[in-house]
Amino acid sequence: MGCGMGKSEVRLKKCERVTNSVPAIRAALLIQRWYRQYVARLEMRRRCTWNIFQSIEYAGEQDQIKLYNFFDFLMHHFTPASSERSLISHIFRVNEICRDAEWEKYFCYESIEVPDSYTGPRLTFPMTFCGVSKVVQAFKHKQQLHARYVLQLLRETWRLLRILTNISHVSTCHTKEITICGDLHGHLEDLLLIFYKNGLPSSEKPYVFNGDFVDRGKNSLEILLILFGFLLVYPNDVHLNRGNHEDHIVNLRYGFTKEVLGKYRVHGKKILNLLQKIFSWLPLATVIDHKVLIVHGGISATTDLNAIARVDRHKYVSALRPPKPTHYAADGCKTQAMGSNHREASGPAEGRRRVCSLTHHSSPPAQRSDLPRRSLHNLPMGSLLSWSVEEELKRRRRLAGFDQSYGELQRSDTESGATAETDEHEWKQIVDVLWSDPMPQNGCIPNEVRGGGCYWGPDVTEEVLGRHNLQLLIRSHECKQDGYEFCHNRRVLTIFSASNYYEMGSNRGAYIRMGPDLVPHFIQYQASQACRELTLRQSVGWTERSALRALREQLFVHKSDLISAFQEFDPNNTGKISLSHWASATESVLKLGLPWRVLRPQLVSSTQYGIVDYQMWIRELSITEPKLQISDTSILETMYKNHSNLETIFRVIDTDHSGSISFEEFRQTWRLLCSHLKTEISDEAIADLAHSIDFNKDGSIDINEFMEAFRLVDLSAHA
Amino acid sequence: MCTRRSERLSTRSTTRPTAPWTSGELVRRQAAQEIGTIIYSLGCFPSQKDLHDFIAKVEEDHTGYIHLDKFLPAMTKVLQEHKFPPISEDLLLQAFEALDKEKKDYLDPEELTKYMTQEGEPFTQEEMEEMLTALADHRNQIHYKDVVSQMTIKPDK
């Protein structure tokens with residue numbers, strides 16, 4: 001060990017000269033050993049923290065999809081007249097304006113006057129470099145673009161996107177280097193930092209932006225407007241790929257809808273509707289030199305770029321929505337039939353099309369309570385009979401009461417069988433490309449964690465890349481500590497451009513520069529000056545505290561379930577259980593896949609000899625005091641646990657995007673939520689709640705106020 | 001790609017798929033790092049040599065893989081025998097004092113760098129930079145008495 005046998009002459013001399021003593025050498029060794037241990041422990045904490053954030057994030061996505069599937073279920077199992085259905089039906093309504101001329105009119109920005117007092121940029125079209133630079137500058141100085149210009153810009157963008165193909169083909173000839181950016185998620189400061197370090201987009205400086213421009217951060221709209229602006233000026237050199245967050249249904253939950261309505265009170269709704277359409281027109285992939293594929297999520301074993309190139313991508317307004325079979329009505333206008341073929345999407349992709357293997361029980365349609373909850377992948381449970389697609393279609397139309405609606409129904413029955421199958425296959429192609437994640441082992445399995453897309457392995461990478469004669473897959477979709485990460489023998493590269501995504505100091509962002517040699521070079525950054533100066537220990541500590549807070553919130557909202565789970569290990573009601581029982585019970589309730597034993601010292605203070613006093617622990621977890629006095633406190637826990645779901649439902653119900661809903665709608669919201677959760681809450685309790693939160697006593701409930709009242713405040717943070 | 005902590009053996013459908021290490025030279029080094037992280041986190045303080053010896057014992061014949069069923073008993077033994085015991089505060093303090101020739105109660109970054117990168121099991125440049133960022137105060141001095149008391153771990157209760 002240390003300076004001694006086998007070291008060079010020079011080394012020995014150094015030893016003698018520098019330390020001149022064995023104690024000093026030993027001291028150095030000791031300090032090195034100690035420090036490495038310290039760093040390793042920090043690393044462990046950092047990874048735990050990361051896991052916490054990521055699990056909670058993905059659990060939220062899964063939650064969203066479950067909620068969405070619940071809506072979908074309602075749509076297909078209730079008569080049109082039912083009140084529940086009518087509350088939510090509009091999010092399923094196909095965008096009625098199918099003709100271009102009508103869309104053009106809808107944009108009608110000409111009538112919007114821009115007052116003299118407006119100090120923001122005044123744009124002229126066609127968009128110029130000068131114009132978009134003005135927009136960038138304005139946003140840098142926190143100005144807002146006038147609604148008129150927003151609408152105008154969106155109209156031009158829509159017109160352009162419509163003529164783009166599903167897959168953008170880019171070439172690096174003329175020794176152009178291409179810049180590729182990953183998720184931005186509304187982090188304007190990161191985009192500005194990229195432009196600062198790398199230069200603005202131009203014909204000399206082409207860019208690819210790989211989706212997820214919106215949600216979570218607070219400048220999603222600004223980012224969109226900047227990217228669209230550059231797209232308009234340099235349509236051959238700026239390429240946008242659709243991400244899973246370019247989806248109006250996801251936006252309801254993750255903040256973009258709220259942001260737009262907050263910034264544009266009068267025109268927000270129109271802007272959102274237009275963006276809904278625009279998102280569906282975003283290209284799905286970019287290919288560089290026929291060698292490098294760039295998509296937002298990833299691939300699956302069945303990914304077929306030729307199939308993707310052929311789809312009508314704008315049919316998929318939301319990637320969460322399984323397609324409705326298309327057929328041609330009498331007037332020649334393509335419409336989509338109501339009563340979609342089914343929800344049971346293709347399951348694990350082993351090349352097999354699952355559409356034909358719908359399972360069904362021979363008894364009458366399952367009661368609401370019998371139907372198991374599913375992700376977008378429906379693994380058949382106890383398959384008994386298999387019905388043909390046509391019969392399933394007929395059954396659902398009957399249920400939905402649409403038998404008389406379409407004259408072509410009889411004729412199209414046999415046809416729609418085939419189109420239904422194709423639509424399913426198409427749909428899967430799109431979902432896989434937007435939602436999938438890589439995994440270390442071989443194979444391709446449904447991505448149950450997110451609820452959409454697949455987990456695909458290195459063998460699938462090789463096969464799909466090989467089949468298309470590609471050499472590299474660049475994707476985003478997952479936050480990475482260093483802003484980028486290789487996997488699958490460096491054949492898959494994840495690039496993520498939103499720094500400090502989970503928390504200040506949680507991660508760096510990065511972008512790629514790539515020349516004709518197609519070798520990626522990385523530039524990393526962190527948007528905040530403050531966190532660049534933090535030591536590893538400080539940034540780990542900060543992020544960790546934040547993660548633990550989030551985790552404690554999750555534990556708190558599952559209090560009742562946790563106690564039940566603990567009690568199963570405590571038949572004699574001693575109030576105490578072993579650490580390992582504590583860990584497995586907690587995991588069974590929260591299902592986050594976290595290393596509870598490792599986290600235990602930071603979550604549970606009260607342990608002795610490996611025993612947890614769980615009653616005391618639950619009491620200690622007390623996170624918040626409700627800001628309101630209501631008589632039925634059991635409603636509170638449901639409220640906290642389903643915070644995001646409630647907000648999503650509210651926003652769905654608030655059809656005019658006014659930000660408030662009536663008492664009746666509020667009641668309906670709760671009823672919907674209760675159906676989804678299969679719990680019961682009395683009408684009285686709901687009425688009580690409604691009255692206590694009608695802060696201004698005008699008979700309507702402001703969504704934001706309501707959500708604020710129930711925001712979890714971690715009291716223990718100050719401990 | 002997530003790597004799992006040794007304790008997590010289950011593969012629930014709702015959690016991410018787990019990872020065996022991939023093979024290759026590069027990964028053998030990575031495996032060593034990962035194992036080191038695990039061992040350190042369990043409260044042990046092996047030297048680099050100790051780590052290499054341990055890994056050599058549990059590694060699957062040059063494949064770069066380390067299987068849980070070999071790792072667990074070996075690790076348990078290490079813990080039971082207290083093979084790589086923690087370094088006490090006093091000892092650590094003495095170590096720093098041994099390097100502080102002029103007895104000024106702090107070290108200059110240059111002094112520390114000299115020892116850490118030239119003696120014992122030398123640090124890489126990256127490790128050294130991180131250590132300096134972590135330990136040096138605003139006067140660019142390493143006041144080791146403060147550092148030691150802040151950063152030593154109390155044994156887990």
Side-chain angles (χ1 to χ4, degrees), chain A residues 1-3 11 14-15 18-19 21 23-41 43-45 47-48 50-51 54-55 58-59 62 437-441 443 445-446 448-449 455 457-458 485 487 489 535-538 587 591-593 595 597-598 601 607-608, chain B residues 1-5 7-8 10 12-22 24 33 36-41 43-50 84 86-87 91-92 94-99 101 112 114-116 118-123 127 130-131 133-135 144 148 151-153 156-157:
Chain A
M1 292 207 308
C3 227
R11 203 66 203 261
K14 261 202 198 139
C15 274
V18 165
T19 64
S21 63
I25 302 168
R26 286 224 190 94
L29 265 168
L30 202 77
I31 295 173
Q32 285 158 348
R33 200 151 54 99
W34 162 76
Y35 190 73
R36 282 180 169 129
Q37 201 266 9
Y38 172 75
V39 168
R41 271 187 30 258
E43 173 61 18
M44 191 58 100
R45 278 166 63 195
R47 289 201 202 180
C48 277
W50 195 262
N51 271 16
Q54 206 167 54
S55 316
Y58 295 166
Q62 204 189 103
D437 291 312
M439 66 174 175
Q441 59 267 53
I445 57 177
E448 299 284 352
V449 174
Y455 276 124
E485 192 175 274
C487 66
N489 283 323
T535 64
L536 181 60
R537 172 162 147 251
Q538 285 169 319
E587 175 58 27
K591 300 201 220 301
L592 289 173
R597 295 294 296 265
V598 175
T607 61
Q608 240 192 350
Chain B
M1 275 195 289
C2 287
T3 48
R4 292 315 232 198
R5 260 141 296 287
E7 65 170 56
R8 268 188 293 170
S10 66
R12 308 174 62 86
S13 60
T14 48
T15 58
R16 299 187 66 92
T18 57
W21 324 111
T22 51
Q33 230 176 342
T37 306
I38 295 175
I39 298 180
Y40 284 131
S41 316
C44 300
F45 286 70
S47 67
Q48 301 291 76
K49 182 172 183 303
D50 294 332
F84 310 124
I87 300 170
L91 202 52
L92 199 50
Q94 278 178 41
F96 274 106
E97 281 163 2
L99 302 185
K101 301 258 147 183
L112 188 57
K114 204 170 51 182
Y115 287 116
M116 294 294 103
Q118 291 175 10
E119 305 297 349
E121 291 173 330
F123 276 179
E127 280 178 299
E130 177 22 65
M131 187 189 213
T133 321
L135 303 190
Y144 45 84
V148 166
M151 287 162 71
T152 316
I153 326 302
D156 205 23
K157 48 183 187 287

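Reckoned from all heavy atoms, side chains included, excluding hydrogens, waters and symmetry mates. In what follows, chains carry the letters A, B, and so on, assigned in the order in which the sequence lines appear, proteins first and then strands, with residues in each chain numbered from 1.
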- Is it the backbone or the side chain of B/L91 that comes under 4.5 Å from a heavy atom of chain A, or both, or neither? both
- With a 4.5 angstrom heavy-atom cut-off, which part of B/F84 approaches chain A: side chain, backbone, both or neither? neither
- Mind checking whether B/Q48 and A/R36 have side chains closer than 4.5 Å, heavy atoms only? yes
- Item | Contact class of B/P46 relative to chain A, heavy atoms under 4.5 angstrom | backbone
- Message: Can you confirm whether the side chains of A/E448 and A/Y58 place a donor and an acceptor under 3.5 Å from each other?
- Response: no
- So, do A/C48 and A/P595 sit near enough that their side-chain heavy atoms are less than 4.5 Å apart? yes
- Query: Would you say A/Q32's side chain and B/M116's backbone share a donor-acceptor pair under 3.5 angstrom?
  - Reply: yes
